[in-house]
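In what follows, a single structure is set out as structure tokens and then discussed.
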Amino acid sequence: MEKLIEQIKSLQARNQAVILAHNYQLPEVQDVADFTGDSLELSRKAAATDAEVIVFCGVKFMAETAAILSPAKTVLLPDLHAGCPMVDMAPLEDVKAFKARHPGAVVVTYVNSSAEVKAESDICCTSANAVAVVESIPRDREILFVPDQNLGAFAATQTGRPLILYPGYCPTHARLHAEDVLRAKAAHPGALVLIHPECRPEVTALGDAVLSTSGMCRFAKESPASSFIIGTETGLLHRLRLENPSKQFFPLAESAVCPNMKKITLEKVLFALEDNQFLVTVPEEIRVRARQAVDRMVAAG
Ligand code: 13P
Ligand code: SF4
């Protein structure tokens, strides 16, 4: 592994590349990255970086968001098959039909969506700013929330706004159930329960805090508590443990693994740098419309 890391570092310097990794990536991929973060932080980093090449260790919609924000840069996804089933639950035609049933409504779209669906939207959001984004919309407007019904339900509860929810969800977070929370609390009394808003509403309702992945990292660092039950994909535990060596972290369920996030390996990061693969681009006509929705999100949240 040392040799592989050395090769990655030297090619990275030669290609003037930045390596960005999502908080769910394999531990060794997180460790080789220049920056590890949640979807919102990664899109901000992608927009701000001076690097010519962005190696995006995450899933395709995240690399696409980087390409939407930085069209002049080379955005590489080390495995083209690293997708997100929630994105696939909201094909363009279905989203258009959903919109057609609610003419005049504002469309709020989670970044876990295709570029073409973003292009059909008024404003994007991530798990870190969904509540702020919904709050930024005038109260007399009807709002459609696409595609995550669970994040949408959470934003509706927090804002008191009656959101109309598209029926998408994350299969990994759907594996977490209320009984898992009750079992984990009984096994680890005193531990605080941190829940990702992609979880089912009955799970979210049991959390001491509902946060994005980087929100969980900040919360754990700042909290006086010494143990935490983590209700999200298990990849986040690596970063939490690294940053808080004196605290304890327990996964809500070991089964909460996103197979797509785990498709990126160190070997594939090296191949990406060696062969400039796999290039992620967004057709300009879609990109400019998607960009408006992403820019409005950045301005609102
Ligand atoms: P975060 O933006 O909270 O990191 O979540 C991204 C994601 O895909 C969660 O499943
Ligand atoms: Fe998609 Fe869920 Fe994986 Fe996030 S954890 S990338 S929402 S499948």
Side-chain angles (χ1 to χ4, degrees), residues 20-26 29-30 33 35-46 56-66 77-90 108-114 117-118 124-133 145-155 166-176 194-200 203-204 207 209-220 230-240 251-264 280 294 297-298 301:
L20 303 182
H22 186 263
N23 289 323
Y24 295 159
Q25 289 290 292
L26 291 169
V29 174
Q30 294 193 31
F35 181 80
T36 306
D38 67 10
S39 309
L40 183 62
E41 292 171 334
L42 292 173
S43 51
R44 287 200 172 127
K45 279 279 168 193
F56 210 109
C57 303
V59 292
K60 191 171 172 200
F61 76 80
M62 296 179 175
E64 262 181 5
T65 306
L77 181 65
D79 186 323
L80 251 199
H81 301 290
C84 168
M86 190 200 292
V87 172
D88 301 335
M89 286 175 199
V108 177
T109 296
Y110 191 25
V111 285
N112 298 39
S113 53
S114 67
V117 166
K118 288 184 179 76
C124 284
C125 73
T126 74
S127 65
N129 62 12
V131 171
V133 165
F145 196 94
V146 179
D148 186 0
Q149 59 185 355
N150 293 330
L151 178 62
F154 173 68
Y166 183 93
Y169 64 94
C170 163
T172 297
H173 285 84
R175 291 202 193 119
L176 302 173
L194 309 187
I195 300 289
H196 195 277
E198 283 180 15
C199 289
R200 300 163 185 275
V203 174
T204 304
V210 180
L211 299 158
S212 76
T213 56
S214 288
M216 289 186 190
C217 294
R218 273 188 294 278
F219 186 98
I230 302 302
T232 193
E233 211 271 353
T234 56
L236 186 65
L237 291 155
H238 173 66
R239 184 170 158 197
L240 286 167
L252 184 49
E254 296 280 1
S255 61
V257 176
C258 173
N260 284 289
M261 284 283 179
K262 305 312 190 220
K263 283 182 180 157
I264 312 295
V280 175
V294 176
M297 162 182 93
V298 175

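One-based numbering, in listed order, for ligands and for the atoms of each. It should be emphasised that the depicted structure is a prediction, and the values quoted were computed from it without experimental measurement.
Using a non-hydrogen distance threshold of 4.0 Å, H196 registers as a contact of ligand 1. Not close to ligand 2: E233, with no non-hydrogen atom less than 4.0 angstrom away. Residue contacts with ligand 2 include N112, since one of its heavy atoms falls under 4.0 Å from the ligand. Residue H173 places a heavy atom less than 4.0 Å from ligand 1. For the ligand labelled ligand 1, residue M86 lies outside the 4.0 Å heavy-atom shell.
Counting the atoms of ligand 2 from 1 in the order shown, those under 4.0 Å from a heavy atom of E198 are 2 (Fe), 7 (S). Below 4.0 Å from some heavy atom of E198 lie the following atoms of ligand 1, by number and element: 7 (C), 8 (O), 9 (C), 10 (O). The S212 neighbourhood of ligand 1 comprises atoms 3 (O), with distances under 4.0 Å to a heavy atom of that residue. The Y24 neighbourhood of ligand 2 comprises atoms 5 (S), with distances under 4.0 Å to a heavy atom of that residue.
Ligand 1 has a nitrogen or oxygen under 3.5 angstrom from a nitrogen or oxygen of S39. No N or O atom of N23 sits closer than 3.5 Å to an N or O atom of ligand 1.
In terms of modelled atom types and a separation under 3.5 Å, the side chain of N260 and the main chain of A82 share no donor-acceptor contact. Looking at K45, its side chain never comes within 3.5 Å of a backbone N or O of F35 through a donor-acceptor pair.
In this structure, S113 and F61 approach most closely via the heavy-atom pair O-CB, 3.6 Å. Taking each heavy atom of G168 and M89 in turn, the nearest pair found is CA-SD, 3.8 Å. Of all heavy-atom pairs spanning C125 and M297, the tightest one is CA-SD, 3.5 Å. Shown here for I264 and L26, the closest heavy-atom pair between the two residues is O-CD1, 3.3 Å.
Nearest-residue assignment for atom 4 (O) of ligand 1 (options L211, T213, V111; heavy-atom criterion): T213.
For atom 2 (Fe) of ligand 2, the closest non-hydrogen atom of the protein is C170 SG, 2.3 Å. Remark: minimum distance from atom 1 (Fe) of ligand 2 to any protein heavy atom is reached at C84 SG, 2.3 Å. Closest protein heavy atom to atom 3 (Fe) of ligand 2: C258 SG, 2.4 Å. P85 CD, 3.5 Å is the protein heavy atom nearest to atom 8 (S) of ligand 2.
The environment of NZ in K263 is crowded: more than 12 heavy-atom neighbours from other residues, nucleotides or ligands sit within 6.0 Å. With a 6.0 Å radius and a threshold of 12 heavy atoms from other residues, nucleotides or ligands, Y169 has its OH atom at or below the threshold.
The side-chain contact (heavy atoms from CB on, under 4.5 Å) with C199 is formed by just one residue from the set T232, T204, L252; it is T204.
If you look at N112 next to ligand 1, the close heavy atoms, those under 4.0 Å, all belong to the side chain. Contact annotation for S127 and ligand 1: only side-chain heavy atoms (C-beta onward) come within less than 4.0 Å of the ligand.
In the model, E41 has a side-chain atom that pairs as donor or acceptor with a side-chain atom of S214 under 3.5 Å.
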**Asked** Step by step, would you call S39 with Y110 a side-chain contact (heavy atoms from CB on, under 4.5 Å)?
**Response** CA-CA 10 Å; S39 309; Y110 191 25; 5.6 Å; no
